[in-house]
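Take a look at the structure below.
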Amino acid sequence: MKLFSSVKDIRVFLNEQKSLGKSIGFVPTMGALHEGHLSLMRKAKTENDLLVVSIFVNPIQFNNKNDLQKYPRNLEDDSQMLEAVGCDILFAPDEKEMYPEPINKTYDFGPLAEVMEGKFRPGHFNGVAIVVKRLFDIIEPARAYFGEKDFQQLTIIKKLVEIEKMDVEIVPCPIVREEDGLAMSSRNRLLTPDQRKVAPFIYKTLQEAKLRRNHICANPLRQMIINVFEGNENFRLEYFDIVDDKNLQSINGWNNKVGTIACVAAWLGDVRLIDNIRII
Ligand code: PAF
């Protein structure tokens with residue numbers, strides 16, 4: 001695996017590879033890699049000639065300083081996992097390299113960014129969009145891979161590619177779960193053993209929502225699931241919603257023609273976890 005931290009150097013190398021006709025599959029990450037990331041990488045490996053992975057903890061997408069500070073970082077462990085998965089190129093720039101100029105871009109994603117994560121993490125998606133645009137400009141991948149756990153992020157990135165008219169295919173990848181159902185996330189390693197034990201409650205409750213869909217209408221189901229979360233003293237629910245999978249707005253009734261997904265964000269102590277499940 002080749003390691004680059006300079007934009008100039010990776011550009012030179014990738015231009016050479018492209019002139020040899022090699023296609024690039026790209027997995028952007030913030031490190032603290034887990035099986036979820038690795039599944040994206042394995043897919044990218046099979047669909048492209050070269051796998052490029054970036055590790056950059058992007059400060060401008062954190063709306064909370066404490067969250068940024070405690071975000072897990074371990075480049076040594078990450079590098080070993082990348083070697084094992086057959087990553088060809090790791091791009092791990094520092095902040096100056098990523099943002100040499102002051103950043104003042106503001107994207108307008110409309111209602112897509114006004115709900116759920118967008119509502120509770122002001123500025124978050126603007127920061128994600130800026131870093132993803134910059135990374136795409138540097139790497140110029142044929143395909144880029146994103147996990148469906150961050151379903152709203154995936155939707156926003158598809159929109160970003162449309163707005164910026166970028167020539168990259170966005171490939172969604174299914175959520176990878178621990179055996180007990182907890183969605184894999186870098187944040188899971190911040191959970192205490194006791195918190196880790198109760199964390200699968202989130203997915204169990206999402207499954208419950210899915211099971212009930214044939215028996216109860218969307219509005220009362222939403223309220224029922226909110227009550228279930230609020231009744232569990234381990235969690236502090238931020239939102240639970242049942243939304244159209246295209247425009248991410250709340251739905252009020254079932255319609256088999258509209259893809260529907262239930263999304264949740266909840267705090268377990270001071271760790272914020274998100275998850276979702278497809279209902280239709
Ligand atoms: O999903 C993530 O890890 C980050 O939001 C991303 C896409 C790497 C941008 O920093």
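Quick note: residue numbers are just sequence positions, from 1. In listed order, ligands and their atoms are each counted from 1.
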Pick out the protein N or O atoms lying less than 3.5 Å from any N or O of ligand 1, and list each pair with its distance.
unit_1	atom_1	unit_2	atom_2	d
ligand 1	1 (O)	Gln153	NE2	2.8
ligand 1	5 (O)	Gln61	NE2	2.9
ligand 1	5 (O)	Gln153	OE1	2.7
ligand 1	10 (O)	Gln61	OE1	2.6

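- Within a 6.0 Å radius of NZ in Lys159, other residues, nucleotides and ligands contribute 12 heavy atoms or fewer.
- Under 4.0 Å is where a charged nitrogen must lie from a carboxylate oxygen, and between Lys43 and Glu47 at least one such pair does.
- With sequence neighbours excluded, the residues that form a side chain to side chain donor-acceptor pair (under 3.5 Å) with Asp67 are Arg187.
- Arg272 and Glu117 are joined by a salt bridge, as a carboxylate oxygen and a charged side-chain nitrogen come within less than 4.0 angstrom of each other.
- Within 6.0 Å of atom CG in Asp167, 12 or fewer heavy atoms from other residues, nucleotides or ligands are found, so the atom counts as exposed in its surroundings.
- Counted by atom type alone, Asn66 and Tyr71 present zero donor-acceptor pairs between their side chains at under 3.5 Å.
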